[in-house]
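Here's the structure we're looking at; comments come further down.
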Amino acid sequence: MTKPIYILNGPNLNLLGQREPEVYGHLTLDDIQQRCAAKAKDLGFEIEFRQSNHEGVLIDWLHDANVNASAVVINPGAYTHTSVALHDAVRAIEPPVIEVHLSQTAAREDFRHHSYIAAAAKGTISGFGLASYLLGIEAAVQSLNT
Ligand code: CA2
């Protein structure tokens, strides 16, 4: 059995669609989940889609992914810019990890310009809204096939 692609979402992403649509768009996280499931299905994969507001939970899910996932697509939310622990967890696991962001973080406040995750991830896709996730899934599958 092919292992699923884990799609992990960090803090406050459960609020998508309710506030700041000019930054994050109008889609809810449920909408994104459905679109990711359809994209992954087209590519022959199932997804395991999760969101947590807690750093340690995200770390536990990365450890879980090390055993149970083919690849990981992660939007670490604001932990992107703060978390050495998430960096270490991404480095510690075998499956390819693709970092995604809805917004173009490089074009926003200075504190969003540095990612602790980028140096540990296979690559980063930022600024394309929903398409960042869909491109992240494509990149994950591509890195499994090369
Ligand atoms: O652009 C992204 O995907 C981010 O990872 C989103 C994070 C932000 O801290 C990163 O710098 C970039 C924030 C997610 C919070 O989402 C909200 C949604 C609705 C209302 C308020 C926040």
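Every heavy atom of this structure was used, including side-chain atoms; hydrogens, water molecules and symmetry mates were not. From a predicted model like this one, the values you see are computed outputs, not experimental measurements. Note that ligands are numbered from 1 as they come in the structure, with each ligand's atoms numbered from 1 the same way.
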Nitrogen or oxygen of H81 less than 3.5 angstrom from that of ligand 1 = yes
request  = Would you mind listing which atoms of ligand 1 come within a distance below 4.0 Å of any non-hydrogen atom of T105?
outcome  = 12 (C)
query = Got the closest protein heavy atom to atom 14 (C) of ligand 1, with its distance?
reply = L13 CD2, 3.7 Å
inquiry  = For Q104, is the CD atom crowded, meaning more than 12 foreign heavy atoms sit under 6.0 Å from it?
reply    = yes
ask   = Heavy atom under 4.0 Å from ligand 1: found in H101's side chain, backbone, both, or neither?
value = both
Part of N75 within contact of ligand 1 (heavy atoms, under 4.0 Å) = side chain
key: Validation row, ring centre H114 to ring centre Y116 under 6.0 Å   = yes
query = Do any nitrogen or oxygen atoms of R112 lie less than 3.5 angstrom from nitrogen or oxygen atoms of ligand 1?
reply = yes
ask   = In the protein, what heavy atom is nearest to atom 6 (C) of ligand 1, and what distance, to one decimal place, separates them?
value = Y24 CE2, 3.6 Å
ask   = Hey, what's the ring geometry for H81 with H101, parallel, tilted or perpendicular (30° and 60° as the breaks)?
value = parallel
task = Decide if atom CD of Q142 counts as having more than 12 heavy atoms of other residues, nucleotides or ligands within a radius under 6.0 Å.
result = no
ask   = What residue and heavy atom of the protein are closest to atom 15 (C) of ligand 1, and at what distance?
value = N12 CB, 3.6 Å
request  = Spell out, as yes or no, whether a donor-acceptor pair under 3.5 Å connects the side chain of K39 to the backbone of A131.
outcome  = no
Side chain, backbone, both or neither: the part of Q18 lying under 4.0 Å from ligand 1 by heavy atom = neither
request  = Please verify whether a non-hydrogen atom of L16 lies at under 4.0 Å from ligand 1.
outcome  = yes
Heavy-atom closest contact (N68 atom, K3 atom, distance) = O-CB, 3.5 Å
Atom 21 (C) of ligand 1 - nearest protein heavy atom and its distance = E20 OE2, 3.6 Å
key: Heteroatom distance test (L102, ligand 1): nitrogen or oxygen, under 3.5 angstrom   = yes
query = Where on V100 is there a heavy atom closer than 4.0 Å to ligand 1, on the side chain, on the backbone, on both, or on neither?
reply = neither
request  = May I ask you to check whether S103 has an N/O atom sitting below 3.5 Å from an N/O atom of ligand 1?
outcome  = yes
query = Non-hydrogen atoms of Q104 versus ligand 1: any pair closer than 4.0 Å?
reply = no
